[in-house]
Amino acid sequence: MQGLITFVKTLGPARIAAMGAVTAALIGFFAFVILRVTAPVMTPLFTDLSLEDSSAIIKDLERQSIPFEMKNEGAVILVPRDRVSRLRMKLAEGGLPKGGGIGYEIFDKSDALGTTSFVQNINHLRALEGELARTIRAIDRVQAARVHLVLPERPLFSRDKLEPSASIALKVRGQLETQQVRAIRHLVASAVNGLKPERVSVVDESGRLLADGANDDPYGTGATGDERKLAYERNLRDQIESIISSVVGPGRARVQLTADFDFNRVTQTQDRYDPEGRVLRSSQTREEMSSTTDPQGQVSVATELPGANAQPGAGPRDQSKKTEEINNYEITRITETKVIEGGRINRVSVAVLVDGIYGRNDKGELVYQERSKEELDRIAALVRSTIGFDQKRGDQVEVVNLRFAETQSIAMPEQTGWLGMLQFTKDDLMRAIELGVMLLLGLVVLLFVIRPLVRRIITPETFAALTGGTPETAPALPGGIPIGIPQSEEEAKAASSHTSRMIDFAQVQGSVHAQSIQKVGELAERNPQETVQILRQWLHEST
């Protein structure tokens with residue numbers, strides 16, 4: 001303890017304060033490094049949040065005392081990786097995130113007594129739009145959605161009724177398929193009373209029209225003729241490639257398909273009569289009878305009077321009978337009206353290119369062999385069955401066997417053993433790089449900052465006085481070893497001889513300094529008045 005106290009006294013207050021400052025800085029630096037290294041790995045809890053959802057989630061995390069970080073002005077919230085799943089379930093229980101829209105919860109805290117019917121209708125419209133937007137966001141590839149509904153009211157004393165309409169703005173990842181656009185239109189139309197799918201318009205974030213709400217599309221597909229043609233060709237091509245790849249192998253067949261469509265809409269009306277299918281509608285019969293006699297004598301008035309007796313010897317009587325029948329029949333008539341929608345297939349052309357068979361000969365070399373004609377015919381028969389081949393409409397199917405161009409593929413060797421288990425992810429690599437940088441920074445600070453400061457602090461003052469500076473500026477012996485830090489006996493002898501010379505030099509310098517002080521004292525004794533004035537002048541200048 002006595003040696004320690006003596007050492008502390010030799011250091012002095014300035015050096016002790018410097019040592020305390022260096023110690024505090026060292027403790028703070030390593031504390032920062034330790035906290036940074038032991039900090040939990042943060043991962044996104046939610047992304048693309050609105051300001052309302054971000055504020056509500058942050059408030060809930062602060063209430064639970066859970067550490068978090070924010071990025072992109074609050075759109076992304078990061079939490080410890082080991083607590084992500086539990087936090088998501090906990091927030092979902094409270095209805096967070098809400099998606100930035102207002103749903104039917106708008107009626108939870110409303111005052112129905114002081115609300116007018118106009119406000120109630122507006123709130124109902126807002127709630128319906130918000131609920132539809134939430135449902136649309138649940139569809140794959142849809143990142144955000146805005147729904148605008150137009151529900152016109154029927155004017156008083158008016159027979160005409162305006163149809164409702166809707167417009168939807170989507171923010172998507174990638175590109176939506178035609179079936180997805182159609183599903184969105186039917187989803188909105190089914191949720192709104194009186195709304196038809198063809199009255200729903202859909203656009204994306206780039207302003208591209210996905211579905212036109214003003215066209216005459218009775219099916220609500222929202223697809224143009226070219227889009228329907230491409231979708232049909234792609235579907236058939238995938239089916240053909242799938243069935244051929246199962247025969248020749250994956251990647252050994254190429255299929256090109258072209259379909260000729262007729263998008264004209266045709267309306268046909270036809271009347272047909274069946275002469276065998278008669279039905280009696282009405283019948284009319286008329287019968288007439290008449291008779292005449294020849295008296296063969298003189299004709300007088302008496303003979304023509306009614307009731308007159310015929311004279312004997314009269315001639316024979318003529319009789320006639322006439323029958324007339326009129327029948328009206330209904331003939332069977334068939335009226336047929338056909339409406340042929342656009343999109344009829346006029347012709348389908350298919351070109352199939354298949355690779356040959358590869359094998360090895362006796363020498364182990366790779367040999368190419370063409371496929372037989374029977375096998376190509378079987379493949380062509382499969383293609384015809386897949387496309388619904390119709391020779392009358394001019395369909396064509398060509399199957400050709402050619403050798404594919406060889407492409408050199410670089411096979412990556414698979415890691416086996418313990419190397420295969422070390423599959424680092426991007427987060428693991430970034431964490432390792434961060435730890436390496438922090439370790440390197442700590443070594444640099446320790447070697448180039450802390451070590452020189454400590455050496456300078458613990459160096460005795462007598463050493464600095466003898467050498468005329470700090471250990472870093474002290475004269476060094478041959479070999480770069482500073483004086484006062486001997487490493488061997490020879491170096492120690494050299495250091496002691498040099499120290500004795502420095503002491504002699506200090507004694508000479510001290511004697512010269514003492515003579516100078518003696519001369520100044522003699523001058524002050526001879527001229528006391530001038531000395532006082534000089535001292536007063538120094539005092540005034542110092543103040």
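Everything numeric in this text was worked out from a predicted model, so none of it was measured. Because only heavy atoms are used, hydrogens play no part in the values below, and waters and symmetry mates are left out as well, while side chains stay in.
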Practice item. Please check if the side chain of Glu205 supplies one atom and the backbone of Val172 the other of a donor-acceptor pair under 3.5 Å. Key: yes

Review point. Checking Arg371 side chain against Asp355 main chain: does a donor-acceptor pair fall under 3.5 Å?
Key: yes

Point to revise | Donor-acceptor contact below 3.5 Å, side chain Arg344 vs main chain Asn264 | key: yes

Practice item. Answer yes when Glu129 and Arg126 have at least one side-chain N-carboxylate O distance shorter than 4.0 Å, and no when they do not. Key: no

Check your understanding: Using 4.0 Å as the upper bound for N to carboxylate O, is an ion pair formed by Asp274 and Arg272?
Key -> no

Check your understanding: With distance as the sole test, does Asp204 use its side chain to make a donor-acceptor pair with the main-chain N or O of Leu170 at under 3.5 Å?
Key -> no

**Study point:** Arg185 side-chain N/O to Val200 backbone N/O, donor-acceptor pair under 3.5 Å
**Key:** yes

Exercise for review: Starting at CD1 of Ile136, measure out to CG of Leu132 and round the result to the nearest 0.5 Å.
Suggested key: 6.0 Å

Exercise for review: Give, for atom NZ of Lys171 and atom CD of Gln143, the distance between the pair rounded to the nearest 0.5 Å.
Suggested key: 4.5 Å

Practice item. Take Glu336 and Lys338 through the test salt bridge (Lys or Arg N to Asp or Glu O under 4.0 Å) and record every step on the way to the result. Key: CA-CA 7 Å; Glu336 184 178 2; Lys338 293 183 179 180; 3.6 Å; yes

**Study point:** Arg234/Asp238 ion pair, N-O < 4.0 Å
**Key:** no

Exercise for review: Please list all pairs passing the salt bridge (charged side-chain N to carboxylate O under 4.0 Å, His left out) test where one or both residues lie in residues 54-65, with sequence neighbours left out.
Suggested key: Asp60-Arg63

Exercise for review: Apply salt bridge (charged side-chain N to carboxylate O under 4.0 Å, His left out) to Arg333 and list each qualifying residue two or more places apart in sequence or on a separate chain.
Suggested key: Asp271

Review point. Is the backbone N or O of Ser242 less than 3.5 Å from a side-chain atom of Ser245, with the two atoms forming a donor-acceptor pair by type?
Key: no

Review point. Can you tell me if CZ on Arg173 sees more than 12 non-hydrogen neighbours from other groups inside 6.0 Å?
Key: yes

Point to revise | Spacing of CD belonging to Glu177 relative to CD belonging to Gln180, to within rounding of 0.5 Å | key: 5.0 Å

